[in-house]
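Throughout, protein chains are lettered first and strands after them, A, B, ... in sequence-line order, and every chain is numbered starting at 1.
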Number of protein chains: 2
Amino acid sequence: MSDFAGDAEERLRQHDYRLTSARRQVIAVLAGSDRALSPYGILEAIAGSGTPPDVVTVYRVLDLLESLHLVHRVHSMNGYVACTRLSADGCHHPLICTRCGRIAEVRGEAFAHAVERMSADGWEVTGHVLELSGLCPACREAEQT
Amino acid sequence: MSDFAGDAEERLRQHDYRLTSARRQVIAVLAGSDRALSPYGILEAIAGSGTPPDVVTVYRVLDLLESLHLVHRVHSMNGYVACTRLSADGCHHPLICTRCGRIAEVRGEAFAHAVERMSADGWEVTGHVLELSGLCPACREAEQT
DNA sequence: CTTTCTGCAAAAGGTTTGCAGTTAG
DNA sequence: CTAACTGCAAACCTTTTGCAGAAAG
């Protein structure tokens with residue numbers, strides 16, 4: 001159980017970013033949520049306990065947090081999760097409930113084994129996406145300019 | 001080198017869908033492209049060699065092809081690839097060039113090994129996304145209604 | 001012919017940008 | 001104070017929906 005809010009605020013300070021109210025609010029929501037939240041979902045969550053910032057600001061805060069590797073973007077939905085809820089090694093392998101968006105972390109390397117473990121934890125794994133990214137031979141060539 | 005266009009048209013016929021001009025055009029573009037194409041990218045490609053259909057129609061055709069498992073949606077960008085360019089087993093693991101969108105298939109089960117193989121083929125793998133999906137314990141519970 | 005499919009128009013979201021005013025440090 | 005940040009408004013782009021006309025079989 002790591003302290004995402006604390007970590008995030010410290011990281012912002014380290015990079016000379018200001019600790020504004022909007023940033024604190026977004027961080028607090030992500031720290032307290034066990035599911036991936038879209039920008040608008042974050043807004044709603046904030047609205048439940050105070051005056052929320054503008055959507056635009058939420059987008060900007062998320063971009064910032066992502067650039068600092070504090071949040072992970074879930075591409076198959078439009079959501080964001082606090083990185084502390086995922087493996088610390090930078091390789092994020094979330095398991096996402098297709099109904100409620102709740103997120104669990106897939107630990108370990110071996111894929112089939114990981115699925116078994118999640119099943120043991122009560123999840124029903126019905127699908128997955130594995131997408132690598134990088135540069136194709138042609139673009140690496142073009143790189144050499 | 002499989003014949004995507006032929007396979008797709010046959011599958012449409014089998015399911016009593018009509019072989020319209022728009023469907024043929026979209027299928028032809030996907031069959032001829034080695035990269036993931038967005039709906040608008042498909043339009044542009046068609047425009048290069050004829051009168052394109054409406055964007056709306058492209059969306060509808062892609063939905064149809066996806067429902068028949070003829071195309072695979074690339075979630076990390078908004079693109080679609082012909083399934084014949086990916087593994088036939090239904091588990092699609094594309095490797096996508098972050099610059100030009102060119103797609104290669106990641107064959108095999110062992111993840112680290114697959115990365116090595118792509119490297120041997122001249123690709124530079126810089127990142128990946130692995131997302132499982134399914135139902136969390138709470139939602140499985142709710143299922144029992 | 002009849003049902004399916006398409007195009008057009010319009011709306012609905014999500015996301016981005018510019019700029020003037022506010023605020024953290 | 002001053003640079004960084006936010007809110008507002010507007011633009012932009014993607015995607016969806018409804019309906020009347022076109023076309024496949």
- Hey, any chance Leu70(A) and Val58(A) share a hydrophobic cluster, counting ILVMFWY side chains that come within less than 4.5 Å of each other, even indirectly? yes

- Query: Centres of the His75(B) and His75(A) rings: under 6.0 Å?
  - Reply: no

- Task: Measure from the side chain of Val56(B), starting at C-beta and using heavy atoms only, and say which of dT15(D), dG7(C), dT17(D) lies closest.
- Result: dT17(D)

- Item | Asp54(A) CG to dG18(C) P, straight-line distance once rounded to whole Å | 17 Å

- Protein-nucleotide distance (Tyr59(A), atom OH; dG13(C), atom P), rounded to Å: 13 Å

- Task: State, yes or no, whether a side-chain contact exists between Arg13(B) and Leu19(B) at a heavy-atom distance under 4.5 Å.
- Result: yes

- Query: Just how far, in rounded Å, is C1' of dT16(D) from CG of Leu62(B)?
  - Reply: 14 Å

- Item | For Phe111(B), ring pair (Phe, Tyr, Trp, His ring centres under 6.0 Å) partners two or more places apart | His128(B)

- Message: Less than 4.0 angstrom between a side-chain N/O of Asn78(A) and OP1 or OP2 of dT15(C), yes or no?
- Response: yes

- Take the protein atom CE of Met77(B) and the nucleotide atom C1' of dC13(D), then report the distance between them rounded to whole Å. 16 Å

- Message: Rounding to an integer number of Å, can you tell me how far Ile46(B) CD1 sits from dG7(C) C1'?
- Response: 14 Å

- Query: When you look at CZ of Arg107(A), are more than 12 heavy atoms from neighbouring residues, nucleotides or ligands closer to it than 6.0 Å?
  - Reply: no

- Message: In whole Å, I'd like the distance from the CG atom of Leu12(B) to the C1' atom of dT3(C).
- Response: 17 Å

- Message: In whole Å, I'd like the distance from the NE2 atom of His15(B) to the C1' atom of dC5(C).
- Response: 18 Å

- Task: Please state how far atom CG in Asp16(B) lies from atom P in dT2(C), giving the value in whole angstrom units.
- Result: 19 Å

Taking only nitrogen or oxygen atoms into account, show me every contact under 3.5 Å that the protein makes with nucleotides 19-25 of chain D, one pair per line with its distance.
residue, atom, partner, partner atom, Å
dA24(D), N3, Arg18(B), NH1, 2.8
dG25(D), OP1, Leu19(B), N, 3.0

- Task: Over 60° means perpendicular and under 30° means parallel, so classify the ring planes of His15(A) and Tyr17(A), tilted if in between.
- Result: parallel

